[in-house]
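Chain letters run A, B, ... following the sequence lines, proteins first, then strands; residues in each count from 1. In what follows, every heavy atom counts, from backbone to side chain, and hydrogens, waters and symmetry copies are set aside.
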Amino acid sequence: MSDYIIKHTESSVILENITEFSLSQIFNCGQCFRFNPVGEHTYGGVAFSKYIEVSQHENAVILNHVTIDEFCTLWCDYFDLKTEYAEIIKSFSYDTYLTSASEFSSGLRILRQEPWETLCSFIISQNNNIPRIKGIIETLSKTYGEKVYEKDGKEYFSFPSAKTLAGVGEEAIFRLRTGFRAKYIFDAANKVSSGEIDLTQIFSMNTNDAMQYLQKICGVGPKVASCVLLFAYHKYDAFPMDVWVKKILSAHYPKGTTAEYFGPFAGIAQQCLFYYERCSCGVFLNTKKEVTL
DNA sequence: GGGCAGGTCTAAG
DNA sequence: CTTAGACCTGCC
């Protein structure tokens with residue numbers, strides 16, 4: 001992995017000989033709600049207020065609308081390209097079920113997403129389904145974000161800042177069909193924009209302290225907090241305990257198995273187990289798009 | 001049409 | 001400390 005080849009033009013970066021990288025796994029494992037298929041083997045979306053398109057053909061990945069400088073300072077980390085996933089997967093060999101899951105999910109990478117957007121997204125995710133989660137995030141961005149790109153009449157928007165959402169008020173957030181989550185989003189926006197919660201500080205906190213800290217926000221419990229820590233801060237030991245993982249644990253592991261059992265990369269193990277389980281249930285095969293692939 | 005969705009809050013024991 | 005219910009909404 002470390003010896004992939006980087007080439008570039010003025011506005012695109014090409015990565016050759018890349019391994020442990022699958023766009024469909026990365027964007028369909030449920031960590032990210034902002035990228036959608038825009039063509040054959042291509043996903044487009046907005047992150048860090050920039051629109052990019054990413055295509056993959058076997059071991060070659062092309063990032064469009066990306067300069068080599070932006071790749072080095074942002075997208076390389078966004079796609080977690082400095083981490084040796086092959087080594088991590090190898091470290092799971094003590095567990096046969098996890099080995100199967102991680103080999104099946106070997107193209108999965110934990111994206112390094114924006115803390116504020118990730119926090120909001122997973123507040124929205126509670127007691128909700130993926131199509132609606134995506135819809136709400138899209139509406140929030142369209143209504144209160146800024147237009148960052150336009151193509152074929154389709155407009156793309158950044159995710160609104162905490163300050164913006166605090167400013168528009170709970171009622172306005174509720175009107176976007178966010179339901180009972182409106183007051184949670186508003187509380188998060190207030191605490192973050194006022195500095196009561198400093199999202200930057202979390203980078204230097206340990207996972208336990210960060211879990212407690214994030215849960216000061218109304219509507220943030222252990223599941224949402226651990227998703228934020230894993231998907232925005234790369235705290236790989238954060239272990240989101242959702243209904244699927246509970247199901248997996250009760251079906252394949254002894255009673256009382258905890259996150260600690262999975263070690264320092266428990267979060268990555270969780271994603272592999274989650275993806276493996278959901279694929280075997282056919283959850284990701286339900287859309288017409290996926291069936292044709 | 002009713003149940004359900006990648007949780008969390010609140011009110012009770 | 002643990003455990004039910006309720007919760008907005010939209011899509012299967």
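Of the candidate nucleotides B/dT8, C/dT9, C/dC7, B/dT8 has the atom nearest to the side chain of A/P222. For A/N127, whose side chain is taken as the heavy atoms from C-beta onward, the closest listed nucleotide among C/dC8, B/dT8, B/dG6 is C/dC8.
Toward the 5′ end of DNA chain B lies the nearest nucleotide of A/C29, the other residue of the pair A/C29 and A/Q215 mapping further downstream. Each of A/P240 and A/C218 was matched to the nucleotide of DNA chain B holding its nearest heavy atom; the match closer to the 5' end belongs to A/P240.
Remark: C1' of B/dT10 and CD of A/Q126 are 14 Å apart, rounded to the nearest angstrom. The separation between A/I137 atom CD1 and B/dG6 atom C1' is 13 Å, rounded to whole Å. In this structure, the CD atom of A/E138 is 16 Å from the C1' atom of C/dG10, given to the nearest Å. In this structure, A/I123 places its CD1 atom 11 Å from C1' of B/dG7, rounding to the nearest Å. The interatomic distance linking A/N129 (CG) with B/dG2 (C1') rounds to 15 Å, in whole Å. Atom CZ in A/F180 sits about 13 Å away from atom C1' in B/dC4, given to the nearest Å. For A/F33 and B/dA5, the CZ to C1' distance is 12 Å, given to the nearest whole Å. Remark: C1' of B/dT10 and NZ of A/K183 are 10 Å apart, rounded to the nearest angstrom.
Counted by atom type alone, A/S121 and A/R34 present zero donor-acceptor pairs between their side chains at under 3.5 Å.
In this structure, the separation between CD on A/E70 and NE2 on A/H8 is 12.5 Å, given to the nearest 0.5 Å.
Taking the six-membered ring where tryptophan is involved, the planes of A/H252 and A/Y97 are essentially parallel, since the angle between them stays under 30° and well short of 60°. Between A/Y261 and A/Y253, the ring planes are perpendicular. Angles over 60° get that label, and only those under 30° would be called parallel.
At the heavy-atom level, A/F274 lies under 4.0 Å from base atoms of the strands shown. Nucleic acid contact for A/G219: sugar-phosphate only, since backbone atoms but no base atoms lie under 4.0 Å from a heavy atom of the residue.
A close approach under 4.0 Å does occur between a side-chain nitrogen or oxygen of A/R177 and OP1 or OP2 of C/dG10. A sub-4.0 Å separation between OP1 or OP2 of B/dG6 and a side-chain N or O of A/R278 is present.
At least one side-chain heavy atom of A/I110 sits less than 4.5 Å from a side-chain heavy atom of A/F231.
A donor and an acceptor atom never sit less than 3.5 Å apart when one is taken from the side chain of A/R132 and the other from the base of B/dC4.
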Under the rule of Watson-Crick or G-U wobble with both distances under 3.5 Å, where | means paired to another strand and [ ] a crossing pair, DNA chain C maps to |||||||.||||
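Note: A/Y184 and A/F122 fail the aromatic proximity criterion, with ring centroids not under 6.0 Å apart.
Ion pair A/D187/A/K191 flagged as a salt bridge, since at least one NZ, NE, NH1 or NH2 atom sits closer than 4.0 Å to an Asp/Glu carboxylate oxygen.
Panel note: side chain A/T42, backbone A/V38; no donor-acceptor pair is recorded below 3.5 Å.
Distance check on atom P: B/dG6 versus C/dG5 gives 23 Å, rounded to whole Å. Rounded to the nearest Å, the gap between the P atom of C/dC8 and that of B/dG1 is 24 Å.
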